[in-house]
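Contents: one structure, followed by commentary.
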There are 2 protein chains.
Amino acid sequence: MARATVQDVAKTAGVSVGTVSRVLNGSPAVSESSKAKVAAAIRQLNYRPLASARDLRRDRTMRILALAKNLYSPVISEVFRGAGDAAARSGYVTLIAPTAGDPEREQQLVDMLRNGSVDGLIMFSPTMPDEDVGDMAEQLSVVQVCEIADAEAAFGVSIDDRQAAFDMVRHLIETGGRRLAMIGTRAARSGRLREEGFRKAVAEAGLSPDQMLFTDGDFDFHAGRRLARELLGARPLPDAVFCGSDTVAAGCVREITDAGLRVPGDIAVAGFDDSIQAEMCVPELTTIRQPAYAMGQLAFEALLARMTEPEGHRRGRTFLPHELIVRDSTNG
Amino acid sequence: MARATVQDVAKTAGVSVGTVSRVLNGSPAVSESSKAKVAAAIRQLNYRPLASARDLRRDRTMRILALAKNLYSPVISEVFRGAGDAAARSGYVTLIAPTAGDPEREQQLVDMLRNGSVDGLIMFSPTMPDEDVGDMAEQLSVVQVCEIADAEAAFGVSIDDRQAAFDMVRHLIETGGRRLAMIGTRAARSGRLREEGFRKAVAEAGLSPDQMLFTDGDFDFHAGRRLARELLGARPLPDAVFCGSDTVAAGCVREITDAGLRVPGDIAVAGFDDSIQAEMCVPELTTIRQPAYAMGQLAFEALLARMTEPEGHRRGRTFLPHELIVRDSTNG
DNA sequence: CTGTTAGCGCGTTCAG
DNA sequence: CTGAACGCGCTAACAG
């Protein structure tokens, strides 16, 4: 059978479409008897308002979209959980889509905001240039999370990656590190900021970095192993390695251990994110905790303000505090 | 400035809305000159067709929704990547949403199919009863993946969980296991099937299971540790443990190791999924590989058939082959 | 409190 | 090849 419409419901209930619509939208100006009749008809016909018709008429969808390169990341999934919970409290549905780091697919997804498929957008480390993000933020309801483009109009929620890296490297130095190395990435803005923090801490201590390794690939376990192998080929060996993620740090620890050296005895290793990987690793990883869930919540709040207050009240950039978690992979 | 419509484009280009629409949809029956004029006007006005209006008119959205309890799972993210790639090839956008295991939120998301927000649905271990899944599959475009409800109309793509568990437990027995234990879950259908496979293999070998531990919570690392601790309190100790996921197995290995016993020397441990956790664990885990990406692809193909061929061609249940990966956590 | 009606923006007839 | 006009299903404004 074909899908029922308001017309059908109205006919079955013996009222007008206006009344049906009022019941549907909880208008108080409806008699109890009408309400009951409409409710009965809706149940009988198994009626559901058609989303596209409603969205067209209301000019909004009550849906937002969250974009990330990939979903299998403890930080991303936690951020989106926070955003999703906050959104739900305001009646919004949060949809998630992976871009796979493909600019074309990213563009297609961003178009969903432009063509009104969703009301707002949360972006996690976009592949597009900062300038484009700024232009978008200028006219559309977009908020970034964990990384904020270096553009006037861009706004979002993040930790201070530079400071977090600085704090971690200082911890490595305070616990005996003298030949410092870093395994990071320059592909992401947050990675570049962490590198800055690393360099600053090393310089302030009057040391010079012996090795600096970077990868433009993903922050995965195998990359960690591969880069640690390079590190182990260097002389003199580093005695402390700062990694851009727990997963990379786990790979690094594994490679060092397999080579017969001890962590942290011979080489201390630090991670980033405080994901479950940090606890799964042996020894458990010293790391930086990002308040991912809270960041997601705040990102949605900011987005909501942007969506509901057309031009004003841009909350700007919000930075949340990070936390140094000392475990067993450094000489705590 | 307000959003441009086909009307605006038509006026700017000096043609009718019909012509604009034809250009938009690539109709061949348009002169080159009209095409050029319309293209110019579209660019000038930065015009995008409004999704809700188009969806209403066309009665479809070219979007599908993929549901899972949580996103931070190597299998789920890989399945959805496969589904997303296949969908993209057919012009569909794949949206993903976590249910958090909350029936209410799950229902709200499923309603997106009922109200036409999306054209199809891929479900990953739903919380709703099999019967409800069957009812849905009867009338709506729904396909399950990794787990298929025990209902006439339900269909989807999965491995044979029962057989996979059987194969793994037989491997444990063939490599010396005599006192077999399992850490699984009865909350999910796949978990119950794996338990069946476990019991069958133990029975066929003429052994009896010494311990059987189950949790209704998530398959996470901490659960693995906690349950392994219970296992270690039993006498006689098991000499082989089959776990329902790599993550649980990693927790199990960690607890055993911390207790001063050796894996696999004292107790062999097996995982499931062949996720990156299996390689991160020390010793690396023997596990079962699920062809997750391919399962996602096939799930979408099945869904596409369901969406485009109203009633016929239900592909039914598709089972893909699994693979036993022997690594170092069992006496391979 | 209720019914009627006018669009929302678009795709698609049907004439020409 | 093109333009005019209708209606998808719904909400909201207006009259009663």
Side-chain angles (χ1 to χ4, degrees), chain A residues 1-39 41-42 45-63 91 111-119, chain B residues 1-39 41-42 45-63 91 111-119:
Chain A
M1 90 207 156
R3 155 174 218 105
T5 73
V6 268
Q7 304 284 353
D8 302 326
V9 175
K11 197 177 302 174
T12 308
V15 299
S16 74
V17 294
T19 298
V20 174
S21 179
R22 276 185 285 264
V23 172
L24 248 27
N25 297 291
S27 162
V30 185
S31 71
E32 284 306 321
S33 91
S34 290
K35 221 178 286 187
K37 281 188 291 186
V38 170
I42 287 177
L45 299 175
N46 192 25
Y47 167 78
R48 313 267 167 160
L50 189 69
S52 54
R54 170 179 280 193
D55 293 346
L56 172 60
R57 193 49 233 242
R58 289 191 172 158
D59 197 29
R60 66 193 169 128
T61 64
M62 298 306 281
R63 294 186 293 250
D111 275 342
M112 289 185 62
L113 177 59
R114 294 204 142 90
N115 72 22
S117 291
V118 295
D119 296 340
Chain B
M1 90 206 155
R3 145 173 230 110
T5 72
V6 269
Q7 304 282 354
D8 303 326
V9 175
K11 198 177 301 174
T12 308
V15 299
S16 73
V17 295
T19 299
V20 174
S21 180
R22 277 184 282 266
V23 171
L24 248 27
N25 296 291
S27 162
V30 186
S31 71
E32 285 305 322
S33 90
S34 290
K35 221 178 284 185
K37 282 190 291 188
V38 170
I42 287 177
L45 299 174
N46 193 25
Y47 167 77
R48 312 266 168 160
L50 189 70
S52 54
R54 170 179 280 194
D55 293 347
L56 172 59
R57 195 45 234 244
R58 289 193 174 155
D59 197 28
R60 65 195 169 126
T61 65
M62 298 306 281
R63 292 186 295 251
D111 275 343
M112 289 185 63
L113 177 59
R114 294 204 143 92
N115 70 22
S117 291
V118 294
D119 296 340

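Chain identifiers are assigned alphabetically (A, B, ...) following the order of the sequence lines, protein sequences preceding nucleic acid strands; residue numbering begins at 1 within each chain.
In terms of heavy-atom proximity, B/Leu56 sits nearest to A/Ser52 at CA-OG, 3.4 Å. Contact record, A/Leu24 with A/Val6: CD2-CG1, 4.2 Å, taken as the closest heavy-atom pair. Contact record, B/Ala10 with B/Ser16: CB-C, 3.7 Å, taken as the closest heavy-atom pair.
Between A/Val20 and B/Ser34, it is B/Ser34 whose nearest contact on DNA chain D lies nearer the 5' terminus. Of the two residues contacting DNA chain C, namely B/Leu24 and A/Ser33, the nearest-nucleotide position lying further toward the 5' end is that of A/Ser33.
Nucleotide C/dT2 holds its C1' atom 14 Å from the NZ atom of A/Lys35, rounded to whole Å. Note: CZ (A/Arg57) to P (C/dA6) measures 13 Å, nearest angstrom. Separating the CZ atom of A/Arg58 from the P atom of D/dA13 is a distance of 13 Å, rounded to the nearest angstrom. Atoms CG (B/Asn25) and C1' (D/dC1) sit 17 Å apart, rounded to a whole Å. The CD-P distance, from A/Glu32 to C/dT2, rounds to 10 Å in whole Å. Note: NZ (A/Lys11) to C1' (C/dT2) measures 19 Å, nearest angstrom. Between the P atom of C/dG9 and the CZ atom of B/Arg3 lies a distance of 9 Å, rounded to the nearest Å. Across the protein-nucleic acid pair, A/Leu50 atom CG and C/dC10 atom C1' stand 14 Å apart, rounded to whole Å.
Counting heavy atoms of neighbouring residues, nucleotides and ligands inside a 6.0 Å radius, atom NZ of B/Lys35 exceeds 12 of them. Atom CG of A/Asp59 is surrounded by 12 or fewer heavy atoms from other residues, nucleotides or ligands within 6.0 Å.
Rounded to 10 degrees, the angle separating the terminal axes of the helix from C/dC1-D/dG16 to C/dG16-D/dC1 is 40°, with each axis obtained from five end pairs.
Side-chain contact annotation: B/Arg3 with A/Asn115, donor-acceptor N/O pair under 3.5 Å absent.
Ion pairing of B/Asp119 with B/Arg63 is absent here, as no side-chain N (NZ or NE/NH1/NH2) approaches a carboxylate O to less than 4.0 Å.
If you check every strand for non-hydrogen atoms under 4.0 Å, B/Val15 touches sugar and phosphate atoms only. As judged by a 4.0 angstrom heavy-atom cut-off over every strand, A/Leu56 is placed among the base-contacting residues. Note on B/Ser31: only backbone sugar-phosphate atoms sit closer than 4.0 angstrom, heavy atoms only; bases stay farther off. Contacts of B/Asp55 with the nucleic acid, taken as non-hydrogen atoms under 4.0 Å apart, are absent. Counting non-hydrogen atoms under 4.0 angstrom, B/Asp59 reaches nothing in the nucleic acid.
Comparing C/dG9, C/dG11, D/dC10 by their closest approach to the side chain of B/Ala53 singles out C/dG9.
Residue B/Ser52 places no side-chain N or O under 4.0 Å from the OP1 or OP2 atom of C/dG9. Proximity of A/Arg54 to the phosphate of D/dT11: a side-chain N or O atom is located under 4.0 Å from OP1 or OP2. Dashed line: the shortest gap from a side-chain N or O of A/Thr19 to OP1 or OP2 of C/dT2 is not under 4.0 Å. Taking 4.0 angstrom as the limit, A/Thr5 places none of its side-chain polar atoms (N or O) nearer than this to OP1 or OP2 of D/dG9.
Looking at A/Arg22, its side chain comes within 3.5 Å of the base of C/dG3 through a donor and an acceptor atom.
Under the rule for a salt bridge (Lys or Arg N to Asp or Glu O under 4.0 Å), A/Arg60 has no partner lying at least two apart in sequence or in another chain.
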